[in-house]
Amino acid sequence: MKNNTVIDEYISVFPEEVQVKLQEFRKTVIKAAPEAEEKIGYGIPTLFLMGNLVHFGGFKNHIGFYPGPEGISEFKDQLTDYELSKGTIKFPHNKPLPVDLITKITQFRAAENLKKALLKKQK
C-alpha cells in the first residue's frame, strides 16, 4: 500500500478531533485490506482492489462509510446502532469507531471483489 499524500491532504482540512477519527478509520481499512490501493474516488478516500472496495468520508457529525449495498446487507444485524441508507453507514463522532466491524466489512468486500475478478477472468 502506497502512502497517499492526497488522502493525507483530504484528512488535514478537518478539525483535529475529526482528523484523529479519520486516521483511525483509514488505518483500520488499510489493515483489513493491505493489498488494496488508496486513492480518491468520488471526492473521498477510497480503497481499490480489482474495483472500488470501500470509501469513507468526514462530515461535521459523523464519518460516512460506503461499503456498497452488499457490505451493509451482509452485516445489517450488527449495524442496528448506526444510521444506514442503501450504501452508507454513518458512524457518529460521539461514539468510538467499531474497529472490528469495520474490519469485517472491509474484508468481506475484499473477498467479494476478488471473487468477482476471478469469475470475470474465467469467462
Side-chain angles (χ1 to χ4, degrees):
M1 171 86 55
K2 294 182 231 159
N3 183 14
N4 196 317
T5 54
V6 178
I7 293 177
D8 292 333
E9 290 169 16
Y10 173 89
I11 291 172
S12 74
V13 302
F14 289 91
E16 192 172 335
E17 62 278 4
V18 177
Q19 287 183 40
V20 169
K21 285 265 198 182
L22 286 168
Q23 288 292 7
E24 181 184 6
F25 201 97
R26 180 185 189 188
K27 192 170 108 186
T28 300
V29 294
I30 289 170
K31 189 175 176 186
E35 64 282 6
E37 179 186 342
E38 287 186 287
K39 65 181 195 172
I40 294 288
Y42 303 104
I44 57 176
T46 300
L47 285 188
F48 185 88
L49 180 65
M50 308 285 184
N52 287 335
L53 189 60
V54 296
H55 310 272
F56 66 95
F59 297 90
K60 184 178 179 185
N61 298 312
H62 70 278
I63 291 178
F65 184 37
Y66 309 94
E70 309 88 5
I72 292 174
S73 61
E74 182 71 19
F75 296 91
K76 201 164 183 98
D77 59 329
Q78 297 173 54
L79 292 166
T80 55
D81 291 344
Y82 305 100
E83 188 179 331
L84 306 174
S85 65
K86 184 179 177 189
T88 308
I89 306 164
K90 292 181 180 180
F91 296 117
H93 293 314
N94 64 356
K95 289 184 178 177
L97 286 174
V99 171
D100 290 344
L101 183 56
I102 294 165
T103 298
K104 285 188 231 173
I105 293 169
T106 303
Q107 289 171 338
F108 169 80
R109 290 287 299 123
E112 289 284 293
N113 275 19
L114 292 171
K115 194 176 357 175
K116 282 180 195 171
L118 185 61
L119 288 171
K120 192 175 183 180
K121 194 176 182 182
Q122 289 174 347
K123 287 184 177 179

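Heads up: numbering here begins at 1 and tracks the sequence. As the structure is a prediction and not an experimental result, all values here were calculated from the model.
- In this structure, the side chain of N52 does not engage the main chain of G41 through any donor-acceptor pair within 3.5 Å.
- When every heavy atom of Y10 is checked against every heavy atom of G58, the shortest pair comes out as OH-N, 3.0 Å.
- For the pair Q19 (side chain) and F14 (backbone), a donor-acceptor distance under 3.5 Å is present.
- Minimum heavy-atom separation, G87 to I72: C-CD1, 3.3 Å.
- Using a cutoff of 4.0 Å between basic side-chain nitrogens and carboxylate oxygens, E112 and R109 are not scored as salt-bridged.
- Between F25 and F65, a ring centre-to-centre spacing shorter than 6.0 Å is recorded.
- How far OG1 of T28 is from CD of Q23: 11.0 Å, rounded to the nearest 0.5 Å.
- The stretch residues 71-97 participates, sequence neighbours left out, in these salt bridge (charged side-chain N to carboxylate O under 4.0 Å, His left out) pairs: E83-K90.
- V18 and V29 fall within the same hydrophobic cluster, defined by Ile, Leu, Val, Met, Phe, Trp and Tyr side-chain heavy atoms under 4.5 Å apart, directly or through other members.
- I30 CD1 to T106 OG1: the interatomic distance, rounded to the nearest 0.5 Å, is 10.5 Å.
- In this structure, NZ on K116 lies 13.5 Å from CG on L118, to the nearest 0.5 angstrom.
- Both V6 and L47 are assigned to one and the same hydrophobic cluster, defined by single-linkage of ILVMFWY side chains at heavy-atom distances under 4.5 Å.
- Taking all atoms of both residues into account, the shortest heavy-atom contact from A110 to L49 is CB-CD2, 3.9 Å.
- Smallest separation of non-hydrogen atoms from P67 and I89: CG-CD1, 4.0 Å.
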Show, in sequence, the C-alpha distance, side-chain angles and deciding distance for H93 and K21, and conclude whether the side-chain contact (heavy atoms from CB on, under 4.5 Å) test is met.
CA-CA 8 Å; H93 293 314; K21 285 265 198 182; 4.3 Å; yes

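- Each of I7 and F48 belongs to its own hydrophobic cluster when Ile, Leu, Val, Met, Phe, Trp and Tyr are linked at side-chain heavy-atom distances under 4.5 angstrom.
- Taking NZ of K31 as the reference point, atom CZ of R26 lies at 16.0 Å (rounded to 0.5 Å).
- Here the OG1 atom belonging to T88 is positioned 15.5 Å from the OH atom belonging to Y82, to the nearest 0.5 angstrom.
- Closest approach of A32 and Q107 over heavy atoms only: O-CG, 3.4 Å.
- Transitive grouping of hydrophobic side chains (ILVMFWY, heavy atoms separated by less than 4.5 Å) brings F91 and L84 into a common cluster.
- Tracing side-chain contacts under 4.5 Å through hydrophobic residues (I, L, V, M, F, W, Y), one never reaches Y42 starting from Y66; they form parts of separate clusters.
- The CG atom of L22 lies 10.5 Å from the CD1 atom of I44; values are rounded to the nearest 0.5 Å.
- A donor-acceptor pair under 3.5 Å is absent between the side-chain atoms of H55 and the main chain of T46, judged by distance alone.
- Within the 4.5 Å cutoff, side-chain heavy atoms of L79 are placed close to those of L101.
- For the residue pair E70 and F108, the shortest heavy atom distance occurs at O-CE2, 3.6 Å.
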